[in-house]
Every structure is written in C-alpha cells, then in structure tokens.
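Here is how names work: the chains are called A, B, and so on, in the same order as the sequence lines, proteins then strands, and each is numbered from 1. As the structure is a prediction and not an experimental result, all values here were calculated from the model.
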Amino acid sequence: MPLASLRLTPTPPFNFAETLSSHGWVVLAPNTYHKETNSFSRIEELPGGAVVHLRVSAEGENVLIRAESAATLTAAQKNVIKTRVAHMLRLDDDYSTFYKLARKKGPPWAILARRGLGRMFRSPTVWEDAVKTVLTTNIAWGGTKRMAATLVNKWGAPSPLDPKQRAFPTPQAIAAVPLKKFEAKAGLGYRGPYLHQLARRLSAGELDLQVWLDPSIPADDLYRQLLAVKGIGPYAAANLLMLLGRYDRLGYDTIYRDFVSAKYFSGRVLPLKDMLAVYDDWGEWKFLAYWFEMVMAEE
DNA sequence: TTCCAGGGGTAGA
DNA sequence: TCTACCCATGGA
C-alpha cells in the first residue's frame, strides 16, 4: 500500500498537543484521537474521489502527515492533503497581537503565549464545521459524537483499504438521500431537515460556504449570512465565526453561562449584556480569551 | 416519568 | 427586538 510522508512547518509558537485538545472536534468522526501517541487520524476523500488514510503527528517543530492510499498519490493530491491539514491546525494564522495583549495583561494570561495556545482545531471544509456545529445544539456531547458517527458511517465515502472506515459525507452524498429516509436513518432529531436542506443548497450550487473564509467580509455581514442558514442561530453562528477565525463575537451557551457566572459573578447569572461584557477589552480576541481562560481553569 | 443537553424556528407582540 | 411555545433524540 503506497505510503507518503508529508511535512508542514508551522509558524512558532506552535503547540501540536494543545491544538488537538483545544476543543472536542478531534474526537468527532471521521477524526480519531490517539492520546498515547499525541496524534490523530482521519479518512479523507480527495477531489476526484480517492479516499486516503491520514495520520497526523508532531515531529519536532514540524507536523508529519502519513498518507496511506490505494494508488500512489500525485503531487496535486499531496498538495491538497497538506493544504487541508494546515487548515485544520491553522498553521498559517498569526496570533502575535493576541499574545502581545496577553503579555500586557500579565499573569495568568502571559502563559498563553509561552504555551503557544490559541489555535482551535477545525475541519478541512466549512461544510463539515457547519454540520458539526449544528450537531452540538441542544444536545449532550455524547449525542453529538453519535450523530457525527452516524453521518460518516451511513453516507461517507468508504476507504478502499478498509471499507468499514469512511470519510465525512459530501453535501452531494446527503442531498442524494430522500429527506424522509435521511430523517429516519440519521437520528438527528429536528436537526435533520435543516442539514438536509443545507446539503441540497450546496449540492445545487445555490450556496458556497468556503467563501465565508474570506477575511475581507465584514464580521457583521458574515454573522448575518450565517444566521440566514436554517438551523444556525446565535450560538451556532458564534461558534462558526470562531471556526472561521473571527474571535470578536462571543457565543452564549450553557458552557459560557456556567463558567462566567462562577468565575466573575459568584454563581449569579446576570443579564446577557453584562455576561458578555466580561471579555470586552480583548477586542478582536474575545473568544480566545474566554476559551483559554476556561481551559486554564480546568487544569 | 421527567428533565435537560455546548438551541433554533416561528408567531405574535 | 423580545417572549412564549414547540421542536426530536437519548442519557441521567
């Protein structure tokens, strides 16, 4: 079986382990987290339909991708893999102004820069991140994992190396399933019709989610575009803004409510405006300040 | 049995 | 812009 070793060089400071564990995405199918080796694996479908097994780990300061495939990969396929993994790990992002602000605030914030915190793990496509975000709404984490696994197992492209292992389903694969059948087999509850409609719109070319990665779109416009998608409300839109690299708008959910009320208001829940004002002075970095303050509090 | 989980859509004000 | 009400699903 052809095996290719590909390498990526992140901009320091980069912390591979912290990036993987930055939030829960790394354990959602088709990702598998390997704690013992500080790595993750993933089945990935490439343009043209080839399905490959990726194993991603740290190699000194670099990132090593081992790609196993049925046929020898072309240079173009290797480039796609490198681009997608770099996107997942946010290797090209610049956190220097965030770290500068953290250092200015002194302890305990200065540790953010020393540890290279800030990169939030994400999916290769906005489609996958949008689906997974909807799968986190109004459900316990175990339910999110179950639903992601069901989508992959039922409609993901199978690997020629091991047909039991599958990639994340494309919008086309989901759009091809009749709605009633999709609802019955996916077990997504009220989320089913929303995701099916999104898949159909993407499949028909009515909508292109990748354009949301364009940093020139004003944040407020982007937020409105996100809310215009059925199934995406204020919480999901804020989570997606984070995944798209915009950290200036906080999502208010039960996690935020519980953490901020305990940390800043002696367990009381204040009006929304006051709850959100806690991180105001972090400007464009509000979400990362909130998230990593919570990470540090758990340690 | 009842509650609720990293909410969202809709109608009506 | 805000509120009440309903919306599947599965674990506790």
**OP:** Run the salt-bridge test on A:Lys132 and A:Asp129 with the 4.0 Å N-O cut-off and return the result as yes or no.
**Re:** no
- Query: For A:Tyr194, which contact category applies under a 4.0 Å heavy-atom criterion: base, sugar-phosphate, or nothing?
  - Reply: sugar-phosphate
Heavy-atom nearest nucleotide on DNA chain B taken for A:Lys230 and for A:Trp141; more 5' hit belongs to A:Trp141
Whole-Å distance, A:Leu226 CG to B:dG7 C1', equals 15 Å
note: A:Asn138, atom CG; C:dC7, atom C1'; distance rounded to Å ~ 9 Å
Item to check | Span that lies between the C1' atom of C:dG10 and that of B:dG9, in whole angstrom | outcome: 22 Å
_For A:Asp220, is there an ion pair with A:Arg246 - N to carboxylate O distance below 4.0 angstrom?_
no
Atom CD of A:Gln197 and atom P of B:dG9 are separated, to the nearest Å, by 10 Å
(message) Under 4.0 Å, heavy atoms only, any strand: does A:Gly143 hit a base, just the sugar-phosphate, or nothing?
(response) nothing
When rounded to whole Å, the OH to P distance for the pair A:Tyr252 and B:dG6 reads 14 Å
Picking from B:dG7, B:dG8, C:dA8, the nucleotide nearest the side-chain atoms of A:Pro234 would be B:dG8
Per nearest nucleotide of DNA chain B, the residue lying toward the 5' end, A:Ile232 or A:His23, is A:His23
Is any side-chain heavy atom of A:Pro234 closer than 4.5 Å to one of A:Tyr252?
no
Between CG of A:Leu250 and C1' of B:dG7 the distance, given in whole Å, is 17 Å
If we take the C1' atom in both B:dG6 and C:dA4, what is their distance in whole Å? 23 Å
To the nearest angstrom, the CZ-C1' distance between A:Arg146 and B:dA5 comes to 12 Å
Whole-Å distance, A:Lys145 NZ to C:dG10 C1', equals 14 Å
Which of B:dG6, B:dG7, C:dA8 is nearest the side chain of A:Asn239? It is B:dG6
A:Phe40 meets the ring-ring contact (aromatic ring centres under 6.0 Å, His included) criterion, sequence neighbours left out, with A:Phe121
Of C:dA8, B:dG6, B:dG8, the nucleotide closest to the side chain of A:Ala236 is B:dG8
Separation of B:dA5 atom P from A:Ile139 atom CD1, nearest Å, is 12 Å
Q.
OP1 or OP2 of B:dG7 versus the side-chain N and O atoms of A:Thr136: is any pair under 4.0 Å?
A. no
Check: Taking the P atom of each, how far is B:dG8 from C:dG11, in whole Å?
Finding: 23 Å
Q) Hey, do the aromatic rings of A:Trp155 and A:Phe182 have their centres closer than 6.0 Å? A) yes
Requested in this report: Please check the phosphate of B:dG6 (OP1 and OP2 only) for any side-chain N or O of A:Lys132 closer than 4.0 Å.
Outcome: no
